[in-house]
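Just below is one structure, and these are the notes that go with it.
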Amino acid sequence: QVQLVESGGGLVQAGGSLRLSCAVSGTIYSNNVMGWYRQAPGKQRELVASITSGGTTNYVNSVKGRFTISRDNAKYTVHLQMNSLKPEDTAVYYCNFNHSSSWFQRDYWGQGTQVTVSS
């Protein structure tokens, strides 16, 4: 029983900024990764950024230097600060939470939030 609630999507002009947030609640194990994926029409869903419970981050090359992922471990909330947005960033963004124990591993997904960047 893990729930994810996303917020922060919307419409923005090229060069603008948006901040996505995702709050995770429920029974959470200490070994976990939180991240953001996106999917544009006609394309596969791709990992945009992720952050481990230890603070290690990973970004897709196209957003390096523009996006920043962060997390609040006390509240289990992950944020994606998106700056210098480009039309190619337009997609549905999905929050992802993955945790594991010695006997299981499971992914949970948010409902998705639309990000549209106009030129």
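Because the structure is a prediction, the values reported are computed rather than measured. Numbering starts at 1 and runs along the sequence shown.
Under the salt bridge (Lys or Arg N to Asp or Glu O under 4.0 Å) criterion, no residue pair touches residues 47-64, with sequence neighbours excluded. Residue pairs meeting the ring pair (Phe, Tyr, Trp, His ring centres under 6.0 Å) criterion with at least one member in residues 42-83: none, sequence neighbours excluded. Applying the disulfide (SG to SG under 2.5 Å) rule to pairs touching residues 68-100 yields Cys22-Cys95, sequence neighbours excluded. Among pairs with a residue in residues 18-42, those fulfilling salt bridge (Lys or Arg N to Asp or Glu O under 4.0 Å) read Arg38-Glu46, Arg38-Asp89, at least two apart in sequence or across chains.
For Tyr29, the ring pair (Phe, Tyr, Trp, His ring centres under 6.0 Å) criterion is met by His99, Phe104, not counting sequence neighbours. Contacts of Gln44 classified as side-chain contact (heavy atoms from CB on, under 4.5 Å), with partners at least two apart in sequence or in another chain: none. Residues satisfying the side-chain contact (heavy atoms from CB on, under 4.5 Å) criterion with Ser7, sequence neighbours excluded, are Ser21. Taking Val115 as the reference, Leu18, Leu20, Met82, Tyr93, Val117 meet the side-chain contact (heavy atoms from CB on, under 4.5 Å) condition, with sequence neighbours excluded. In this view, Gln3 and Ser25 satisfy the side-chain hydrogen bond (donor to acceptor under 3.5 Å, both in side chains) rule, not counting sequence neighbours. Listed by chain and residue number, Gln81, Asn83 satisfy the side-chain contact (heavy atoms from CB on, under 4.5 Å) test with Ser17 (two or more places apart in sequence, or in another chain). Scored by the side-chain hydrogen bond (donor to acceptor under 3.5 Å, both in side chains) test, Thr52 finds no partners at all (sequence neighbours excluded).
Gln114 and Thr116 share a side-chain donor-acceptor pair at under 3.5 Å. A donor atom on one side chain and an acceptor atom on the other are found under 3.5 Å apart for Asn96 and Asp107.
With a 4.5 Å cut-off between side-chain heavy atoms of Ile, Leu, Val, Met, Phe, Trp and Tyr, the cluster of Leu47 takes in Tyr37, Val92, Tyr94, Trp109.
Annotation for Ala40 and Ala91: closest pair N-CB, 3.9 Å, computed over non-hydrogen atoms. In plain terms, the two heavy atoms of Ala49 and Leu80 that are nearest each other are CB-CD1, 4.1 Å. Counting all heavy atoms, side chain and backbone alike, Ser84 lies closest to Arg66 at O-NH1, 3.0 Å. Nearest heavy-atom pair across Arg71 and Ser53 is NH1-N, 3.3 Å.
Residue Asn31 holds its CG atom at 10.0 Å from OG of Ser102, rounded to the nearest 0.5 Å. The distance from the OG atom of Ser100 to the CG atom of Asn32 is 8.5 Å, given to the nearest 0.5 Å. The line from OG1 of Thr113 to CH2 of Trp36 is 7.0 Å long, rounded to the nearest 0.5 Å.
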Given Phe97 and Ile28, is the side chain to side chain contact (heavy atoms under 4.5 Å, CB included) satisfied, shown in steps?
-> CA-CA 10 Å; Phe97 176 78; Ile28 300 170; 3.5 Å; yes

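When hydrophobic clusters are built by joining Ile, Leu, Val, Met, Phe, Trp and Tyr residues whose side-chain heavy atoms come closer than 4.5 Å, directly or via intermediates, Val33 is not grouped with Val2.
More than 12 heavy atoms of other shown residues, nucleotides or ligands fall within 6.0 angstrom of atom CZ in Arg45.
Looking only at side-chain heavy atoms (C-beta outward), Asn98 and Arg106 stay at 4.5 Å or farther from each other.
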